[in-house]
Engineer: 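Dropping the structure in here first, questions after.
Only this structure's heavy atoms are used, side chains among them; waters, hydrogens and symmetry mates stay out.
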Amino acid sequence: MPALQPLKLIAGIELRGGRDIQMYRIEMPGPKVTKDIASDARVRLEIPRARFNDLATKGSVKEWRQAFAHGDARATGVEQVMRLIVQVVEKQEERARLKRAKIH
């Protein structure tokens with residue numbers, strides 16, 4: 001999401017697939033992704049690998065939100081950072097709705 005690009009953040013993502021768990025460290029802005037344990041992460045995401053692959057390639061913000069709402073994805077971390085991300089996503093969705101309303 002373009003609105004999150006200026007945010008300086010280190011996130012960890014845990015992709016589960018059967019018995020296998022792959023861990024990645026994501027450093028933003030960038031993003032710079034490395035296959036490593038993110039011990040300094042302020043936000044951690046847990047999601048099944050198959051679901052992540054779908055969302056990463058063709059997922060919209062709405063589909064990501066549904067994944068979190070249905071429990072497919074889980075995020076934990078510093079509460080202030082989590083709230084900031086939620087606020088940015090909500091404002092972005094609101095802008096998108098306003099643009100659609102003006103077009104019609």
Engineer: Is any side-chain heavy atom of I13 less than 4.5 Å from a side-chain heavy atom of F52?
Structural biologist: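 Counting from C-beta outward, I13 and F52 do come under 4.5 Å.
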Engineer: Between A11 and A38, which heavy-atom pair has the shortest distance, and what is it?
Structural biologist: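 Looking at all heavy atoms of both residues, the closest pair is O-CB, 4.0 Å.
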Engineer: If hydrophobic clusters are built from ILVMFWY residues whose side chains come within less than 4.5 Å, do I37 and I26 share one?
Structural biologist: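 No: no chain of side-chain contacts under 4.5 Å links I37 to I26.
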Engineer: Tell me if a side-chain donor or acceptor on R25 pairs with a main-chain N or O of D40 at a distance below 3.5 Å.
Structural biologist: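 No: the side chain of R25 does not pair with the backbone of D40.
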Engineer: How about R44 and E14: do any of their side-chain heavy atoms sit closer than 4.5 Å?
Structural biologist: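 Result no, sub-4.5 Å side-chain heavy-atom pair not found.
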Engineer: On a heavy-atom basis, which atom in Y24 and which in R49 lie closest, and how many Å separate them?
Structural biologist: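 What the structure gives for the nearest pair is OH-NH2, 4.1 Å.
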Engineer: Would you find a donor on one side and an acceptor on the other, under 3.5 Å apart, between the side chain of E93 and the backbone of E90?
Structural biologist: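 Checking the backbone N and O of E90 against the side chain of E93, no donor-acceptor pair under 3.5 Å is found.
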Engineer: So if I apply the side chain to side chain contact (heavy atoms under 4.5 Å, CB included) rule between I10 and each of E27, M28, K32, which one comes out positive?
Structural biologist: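 Among E27, M28, K32, the one meeting side chain to side chain contact (heavy atoms under 4.5 Å, CB included) with I10 is E27.
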Engineer: Below 4.5 Å, heavy atoms only, C-beta onward: do F68 and I47 meet side chain to side chain?
Structural biologist: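 No; the side chains remain at least 4.5 Å from each other.
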Engineer: A side-chain contact here means heavy atoms from C-beta on lying under 4.5 Å apart; do V61 and Q92 qualify?
Structural biologist: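 With C-beta onward as the side chain, the pair stays apart.
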Engineer: Please determine whether residues M23 and L15 belong to a single hydrophobic cluster, defined as Ile, Leu, Val, Met, Phe, Trp and Tyr linked transitively by side-chain heavy-atom distances below 4.5 Å.
Structural biologist: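 M23 and L15: separate clusters.
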Engineer: Kindly give the heavy-atom pair with the smallest separation between L55 and A67, and that separation in Å.
Structural biologist: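 Shortest heavy-atom contact: CD1-CB, 3.8 Å.
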Engineer: Can you measure from OG1 (T76) to CG (L45) and round to the nearest 0.5 angstrom?
Structural biologist: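 Reported value, rounded in 0.5 Å steps: 8.0 Å.
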Engineer: Donor-acceptor pairs under 3.5 Å, side chain of residues 77-86 to any protein atom, not counting sequence neighbours: which ones?
Structural biologist:
none

Engineer: Could you state the interatomic distance from NZ (K8) to CZ (R42), rounded to the nearest 0.5 Å?
Structural biologist: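 One finds 12.5 Å between NZ of K8 and CZ of R42.
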